[in-house]
Amino acid sequence: MSFYDAVGGSEAFERLVHRFYQGVAEDPLLRPLYPEEDLTGAEERLRLFLIQYWGGPKTYGDRRGHPRLRMRHAPFVIGEPERDAWLKHMRDAVDSLELPEERSAELWTYLQYAAHSLVNA
Ligand code: HEM
């Protein structure tokens, strides 16, 4: 069974990413990085990406093609402060899901690794 199915499918990812963007919306360091006035599109892209990554439907790829995350983050200055702020909101969002400990740890390990790999400044 995929991680996606094990955590209950799209609903878990909707909750995760929605909670995360509520944090970003209030964050004075991160909010200015997001080019769009409305965070709905960004929320949808991250949700579809994570769903695909964890074994759910491949809608992200159908719409956006190869993720190329390093390249797609190149326009934004992401130093350690931005990375840590991103991870702080994601930690809060992961905790809010109340997943079984092992699943929670698996998700968190990946997100930390991915965030570290996107630092570009
Ligand atoms: C897009 C910031 C880490 C996945 C974006 C955007 C910003 C951003 C400003 C553009 C928003 C938009 O789509 O309109 C950051 C910062 C990070 C970070 C400051 C801190 C390290 C991550 C991580 C992942 C991720 C760790 C994956 C696990 C994505 C995806 C998109 C995106 C999938 C949309 C790409 C597309 O299809 O255009 N990010 N990000 N980001 N980010 Fe991040």
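Quick caveat, the model's predicted, so the values are computed rather than measured. As the structure lists them, so they are numbered: ligands from 1, and atoms in each ligand from 1. Positions are given from 1, in the same order as the sequence printed here.
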[atom]: the protein heavy-atom neighbour that sits closest, reported with distance to 0.1 Å:
atom	value
atom 28 (C) of ligand 1	Tyr110 OH, 3.5 Å
atom 34 (C) of ligand 1	Arg45 CB, 3.8 Å
atom 11 (C) of ligand 1	Tyr34 CD2, 3.6 Å

TODO: Verify whether the ring centers belonging to Tyr4 and Phe13 lie closer than 6.0 Å.
DONE: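 Yes, they do, as the ring centres are separated by less than 6.0 Å.
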
Between [X] and [Y] (side chain of the first, backbone of the second, donor and acceptor by atom type, cut-off under 3.5 Å), is there such a pair?
X	Y	value
Asn120	Arg70	no
Arg83	Ile78	no
His73	Leu69	yes

Task: Under the salt bridge (charged side-chain N to carboxylate O under 4.0 Å, His left out) test, residues paired with Glu36 that sit two or more places apart - done: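 Glu36: salt bridge (charged side-chain N to carboxylate O under 4.0 Å, His left out) contacts with Arg45.
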
Can you give me every donor-acceptor pair (side chain of residues 101-111, partner residue at least two apart or in another chain, under 3.5 Å) with its distance?
residue : atom : partner : partner atom : Å
Trp108  : NE1  : Gln112  : OE1          : 3.2
Thr109  : OG1  : Ala105  : O            : 2.8

- [ ] Taking the side chain as every heavy atom from C-beta outward, state whether Leu118 and Trp86 have any pair of such atoms under 4.5 Å apart.
- [x]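 They are not in contact (no side-chain heavy atoms under 4.5 Å apart), so the answer is no.
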
TODO: Using a 4.5 Å cut-off on heavy atoms from C-beta on, say whether the side chain of Tyr53 contacts that of Phe3.
DONE: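 They are not in side-chain contact.
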
Task: Residues in side chain to side chain contact (heavy atoms under 4.5 Å, CB included) contact with Asp84, at least two apart in sequence or another chain - done: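 In terms of side chain to side chain contact (heavy atoms under 4.5 Å, CB included), with neighbours along the sequence ignored, Asp84 is linked to no residue.
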
Open item on the list: Check this for me - ligand 1, Arg64, N or O atoms closer than 3.5 angstrom, yes or no?
Closed with: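 Such a contact does occur with ligand 1.
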
TODO: Looking only at distances, please establish whether an N/O atom of ligand 1 is found under 3.5 Å from an N/O atom of Glu82.
DONE: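 It does not: no N or O of Glu82 is found under 3.5 Å from an N or O of ligand 1.
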
Task: ligand 1 contact on Ile78 by region, counting heavy-atom pairs under 4.0 Å - done: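 Within the 4.0 Å criterion, Ile78 contacts ligand 1 through side-chain atoms alone.
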
- [ ] Using a 4.0 Å heavy-atom cut-off, say whether Tyr60 meets ligand 1 through its side chain, its backbone, both or neither.
- [x]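 The side chain, only.
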
- [ ] Check step by step if side chain to side chain donor-acceptor pair (under 3.5 Å) holds for His89 and Asp27.
- [x] CA-CA 9 Å; His89 298 300; Asp27 190 306; 2.6 Å; yes

Open item on the list: Please confirm whether Tyr53 approaches ligand 1 to less than 4.0 Å, judged on its heavy atoms.
Closed with: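 False for this residue.
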
Open item on the list: I'd like to know whether ligand 1 has Ala115 as a neighbour, heavy-atom separation below 4.0 Å.
Closed with: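 The answer is yes, since Ala115 has a heavy atom less than 4.0 Å from ligand 1.
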
Open item on the list: I'd like to verify the contacts: list protein N, O or S atoms under a distance of 2.8 Å from atom 43 (Fe) of ligand 1.
Closed with: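 Near atom 43 (Fe) of ligand 1, the protein supplies His73 NE2.
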
